[in-house]
Amino acid sequence: MIYEKQTFSQLDRVFARFLSERSLLDASQKLAFENIVMSLSFEQSQGHSCMQIDAVAQALILESGLALTLTNSPDTTTILPLVVEQDRLYLHRYWFYEQRLAQQLTKMTQGNISPELKTTPDSSFLFDKYFGISTSIDWQRAAAIMAVNQDFCMITGGPGTGKTTTVVKILALLQELSDQPLLIALAAPTGKAAMRLQESIGFNKTALPCSAEIKSAIPEIVMTLHRLLGAKPPSPYFRHNAKQPLVYDLVVVDEASMVDLALMSKLLDALKPGAKLILLGDKDQLASVESGSVLADLTMALPQQTLELQKSHRFDEDIKNFALAINQQQDREAWQLLQIGNKNIALLETDLIDYISQQQIAYLHLISKGAEFSDIYKAFNRFQALCAIRLGKNSVADITHAVEQSLSNKKLIHISGLWYCGRPIMITQNNADLQLYNGDIGICLRDKEQGDQLRVFFQRADGSIRKYLPARIPHCETVFAMTIHKSQGSEFEEVLIILPETNSPLLTKELLYTAITRAKKTIKLVTNMAVFSSTVRQRVQRVTGLVDKFPTSH
């Protein structure tokens, strides 16, 4: 699809002109060529790894001399800025990421059992030890069998289906089956997701029916993927790659739906030969912010390496049925569940700003009492308002400003400048030196050890507390509300989901499903029937070619 010129960014236009000036086309063809390239650049910025083109556009692109065609002759040695494959047009880099990722995974899935694993008949008793014996289908046991027998596998399922519980048992199983202790790395796309996985691993490890030696061989430290691979900002390169691979025998990645095409491709490149990879995630959540819908594509392309856990251990039936109706785009059924108005799922019927402000009283009261930061942090993270948009009516900026003013008017906070006691903030820019990463949440408090000077406190996954001078904090924003995208990897006792008053292309069933599944106990929504129904009926459809790059045997 070719978009109207005003939707293109300056980068789209300059890039298209740059290529056009280097093409073999005559002046009459250059404008059409520029429009196609601008559209491709725009589509890539919207999360698509490629775009579909018709025969006329394909002929023009190939005539430019700047495109490699792979329809009939898959010559991968020539490098040109553009790639035409079937009816898809790529920037070369993103075609390469897809091609490389498919090659790596095809190679991994051709093997069966890793060579370092024992395959004695007696090993079946270990599955009984960790999962028990059941007359019905035990999805967690089935996932473990798959993980033991595959170098690559994906364990998917909604929140509360036991992905982390299962993978901890898998790690113990693999350690028991291995002749030598396996080197294991645990990773997640964001610091927040890493913290959640670390807490869950530590909790579940204590209940394992195995020796202290096996437990000690299961790591509890979880890294971000960028830290695992050795990011080298501001470049897009990593310290670990095919020439300098990771040392680990097994890598586990949680919240894999958040991993974009480029990062997943680079992760596969960095695995040492013979290493195992386990991806955990919910394929129905929002796709990555950057290009691709990797987890969803891979589950479609590699069903033999995929197992979806079916039973939710967290949600009651109301929330489970509501999430299911959203996921299946049953807007009428979902709206009826909202109309019932039970204690777990309901439309908000009170004043929006007053309601959000009321939820902040608990943590602000603990601050006034001089409570420990861990208690303050826990109280703040019990509730979160989630918005679909950043700007405009019912946006993060709109809600945060109004709540801040409401709390100030009620004398619950005292705003004397940008930084004030009780200000909750979210980091929006990574700073590896300070170990602060995009998505980290902190609270500004008076530090008793520093003469009541203001410091911003953060809680780490291991429970430790770190504090910083406000002036040292990288770019951040007040977080009385956050976008649904930013909430990925988080859990809250209660969420309040706030949708815009009018329909928007940004509102999709994946967005709403992601917001709903952040809640452990209670969900309230601010919306109307028209916007809600439109949101449920609309879904994310990213254009990629990843699935087609796998052999049909998979």
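Not measured: the values here are computed from a predicted model.
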(request) Name all pairs fulfilling the salt bridge (charged side-chain N to carboxylate O under 4.0 Å, His left out) condition that reach into residues 379-393, sequence neighbours left out, sorted by first residue then second. (result) Arg382-Glu494, Arg390-Glu477

(request) Return the set of residues passing ring pair (Phe, Tyr, Trp, His ring centres under 6.0 Å) with Phe373 (not counting sequence neighbours), or none when no residue passes. (result) Tyr377, Phe457

(request) Apply salt bridge (charged side-chain N to carboxylate O under 4.0 Å, His left out) to Arg423 and list each qualifying residue two or more places apart in sequence or on a separate chain. (result) none

(message) Are Leu307 and Trp139 packed together at the side-chain level, in the sense that at least one heavy-atom pair is separated by less than 4.5 angstrom?
(response) yes

(message) Please give me the minimum heavy-atom distance between Thr544 and Gly292, naming the atom from each residue.
(response) CG2-CA, 4.3 Å

(request) Could you check if a side-chain atom of Leu298 sits within less than 4.5 angstrom of a side-chain atom of Leu295, using non-hydrogen atoms only? (result) no

(message) Please enumerate all residues that pass side chain to side chain contact (heavy atoms under 4.5 Å, CB included) together with Thr502, with sequence neighbours excluded.
(response) none

(message) Would the distance check show the side chain of Ser200 and the main-chain N or O of Arg196 forming a donor-acceptor pair, the cut-off being under 3.5 Å?
(response) no

(request) Write out all pairs satisfying ring-ring contact (aromatic ring centres under 6.0 Å, His included) with one or both partners inside residues 189-208, taking only residues at least two apart or from two chains. (result) none

(request) Can you sort out the partners of Phe322 under ring pair (Phe, Tyr, Trp, His ring centres under 6.0 Å), two or more places apart, ordered by chain and number? (result) none

(request) Please name the pair of heavy atoms, one in Val222 and one in Ala194, separated by the smallest distance, quoted to 0.1 Å. (result) CB-O, 3.5 Å

(message) Do Met264 and Leu267 make a side-chain contact, defined as non-hydrogen atoms from C-beta onward lying under 4.5 Å apart?
(response) yes

(request) List for me each residue that meets salt bridge (charged side-chain N to carboxylate O under 4.0 Å, His left out) alongside Lys509, sequence neighbours excluded, and say none if there are none. (result) none

(message) Within the structure provided, determine whether Leu171 and Leu250 are in side-chain contact (heavy-atom separation under 4.5 Å).
(response) yes

(request) Verify, without hydrogens or angle tests, whether His475 (side chain) and Gln429 (backbone) share a donor-acceptor contact under 3.5 angstrom. (result) no

(request) Using salt bridge (charged side-chain N to carboxylate O under 4.0 Å, His left out) as the criterion, list what pairs up with Asp375, not counting sequence neighbours. (result) none

(message) Using only atom types and a distance under 3.5 Å, with no angle test, would you say the side chain of Thr514 pairs donor to acceptor with the backbone of Glu510?
(response) yes

(request) Applying ring pair (Phe, Tyr, Trp, His ring centres under 6.0 Å), name anything that partners Tyr97, two or more places apart in sequence or on another chain. (result) Tyr94

(message) Does anything in residues 347-358 form a salt bridge (charged side-chain N to carboxylate O under 4.0 Å, His left out)? List the pairs, not counting sequence neighbours.
(response) Asp354-Lys410

(message) What I'd like to find out is whether the side chain of Glu290 reaches to under 4.5 Å of the side chain of Leu263, using heavy atoms alone.
(response) no

(message) For Thr428, is there any backbone N or O sitting under 3.5 Å from a side-chain donor or acceptor partner on Lys486?
(response) no

(message) Please find the pair of heavy atoms, one from Asn394 and one from Pro500, that lie closest to each other, and give the distance.
(response) CB-CA, 4.3 Å

(message) As a quick check of understanding, evaluate side chain to side chain contact (heavy atoms under 4.5 Å, CB included) for Leu174 and Val148, giving each step before the final call.
(response) CA-CA 7 Å; Leu174 290 172; Val148 166; 4.0 Å; yes

(message) Are Leu506 and Leu511 packed together at the side-chain level, in the sense that at least one heavy-atom pair is separated by less than 4.5 angstrom?
(response) no

(request) Under the side chain to side chain contact (heavy atoms under 4.5 Å, CB included) rule, collect the residues that match up with Thr527, sequence neighbours excluded. (result) Trp335, Leu347, Leu499, Leu525, Val531, Phe532

(message) I need the Thr165 OG1 to Lys205 NZ distance, nearest 0.5 Å.
(response) 14.5 Å

(request) Applying ring pair (Phe, Tyr, Trp, His ring centres under 6.0 Å), name anything that partners Phe127, two or more places apart in sequence or on another chain. (result) none

